[in-house]
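In this text, all values refer to a predicted model and were calculated from it rather than measured experimentally. Throughout, numbering of the chain's residues begins at 1 and tracks the sequence.
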Amino acid sequence: QVQLVESGGGLVQPGGSLRLSCAASGSIFSINNMAWYRQAPGKGRELVARFTSGGSTNYADSVKGRFTISGDNAKSTVYLQMDDLKPEDTAVYYCNLRHGVGLSTTYWGRGTQVTVSS
């Protein structure tokens, strides 16, 4: 049984920074199967950042160069460093984990609100 808890969201001015954390409780194989998504009001949930199967990282074009995904396997925690935040980054940010046999089971955190406004 796995639970994901996001933290670190809040209100920030344009150009500011936030660091999100997602802590996984229970046993997981690797944080490399975790990713960050976000959902703005009235919009679908979109992939923001993830680890690739090759051990690298992948980002949405809209955040490339500004966001960085990283993690700590020992802590079962993944991070999202967000720099140079823009109003369009405003959304609920969700942690995602693919787990189980064949990574066929998906877990979601409850989300953390990020609001970028002056």
_If I take atom CD1 from residue Ile31 and atom CG from residue Asn73, how far apart are they, to the nearest 0.5 angstrom?_
4.5 Å
_Checking Ala23 now: which residues fulfil side-chain contact (heavy atoms from CB on, under 4.5 Å) with it, not counting sequence neighbours?_
Thr77
_For Val101, the rest of its hydrophobic cluster, which grows through side-chain links under 4.5 angstrom_ = none
*Any disulfide (SG to SG under 2.5 Å) involving residues 37-85? Give me the pairs, sequence neighbours left out, ordered by first then second residue.*
none
*List for me each residue that meets side-chain contact (heavy atoms from CB on, under 4.5 Å) alongside Val114, sequence neighbours excluded, and say none if there are none.*
Leu18, Leu20, Met82, Tyr93, Val116
_Minimum-distance pair of heavy atoms, taken over all atoms of Tyr79 and Ser21_ = CD2-OG, 3.3 Å
Kindly list each side-chain donor-acceptor pair under 3.5 angstrom involving residues 48-56, sequence neighbours excluded, with atom names and distances?
{"unit_1": "Thr52", "atom_1": "OG1", "unit_2": "Gly54", "atom_2": "N", "d": "3.4"}
{"unit_1": "Thr52", "atom_1": "OG1", "unit_2": "Ser56", "atom_2": "N", "d": "3.1"}

*Who pairs with Glu88 by side-chain contact (heavy atoms from CB on, under 4.5 Å), at least two apart in sequence or on another chain?*
Lys86
*asked:* Could you list the cluster mates of Leu47? Members are the ILVMFWY residues connected by side-chain heavy atoms closer than 4.5 Å, either directly or through other members.
replied: Tyr37, Val92, Tyr94, Trp108
*With Ser17 via side-chain contact (heavy atoms from CB on, under 4.5 Å) - residues at least two apart*: Gln81, Asp83
_Just to verify, what does Thr115 make a side-chain hydrogen bond (donor to acceptor under 3.5 Å, both in side chains) with, not counting sequence neighbours?_
Gln113
*Would Leu80 and Val12 show up in the same hydrophobic cluster when neighbours are defined by side-chain heavy atoms closer than 4.5 Å?*
yes
*With rounding to the nearest 0.5 Å, note down the distance linking CZ in Arg110 to OG in Ser7.*
13.5 Å
*ILVMFWY clustering at 4.5 Å (side-chain atoms), partners of Leu11*: none
*asked:* For a quick test of reading the model, state the closest non-hydrogen atom pair linking Ser118 to Pro14 and the distance between them.
replied: N-CD, 3.7 Å
Which atom pairs, donor and acceptor, lie under 3.5 Å between side-chain atoms of residues 60-69 and protein residues at least two apart or in another chain?
{"unit_1": "Asp61", "atom_1": "OD1", "unit_2": "Lys64", "atom_2": "NZ", "d": "3.2"}
{"unit_1": "Ser62", "atom_1": "OG", "unit_2": "Arg38", "atom_2": "NH2", "d": "3.3"}
{"unit_1": "Arg66", "atom_1": "NH1", "unit_2": "Asp84", "atom_2": "O", "d": "2.9"}
{"unit_1": "Arg66", "atom_1": "NH1", "unit_2": "Asp89", "atom_2": "OD2", "d": "2.7"}
{"unit_1": "Arg66", "atom_1": "NH2", "unit_2": "Ser62", "atom_2": "O", "d": "2.8"}
{"unit_1": "Arg66", "atom_1": "NH2", "unit_2": "Asp89", "atom_2": "OD1", "d": "3.0"}
{"unit_1": "Arg66", "atom_1": "NH2", "unit_2": "Asp89", "atom_2": "OD2", "d": "3.4"}

_Can you pull out every disulfide (SG to SG under 2.5 Å) where at least one residue sits in residues 48-114? Sequence neighbours excluded, please._
Cys22-Cys95
*In Å and rounded to the nearest 0.5 Å, what is the OG to CG distance from Ser76 to Leu4?*
10.0 Å
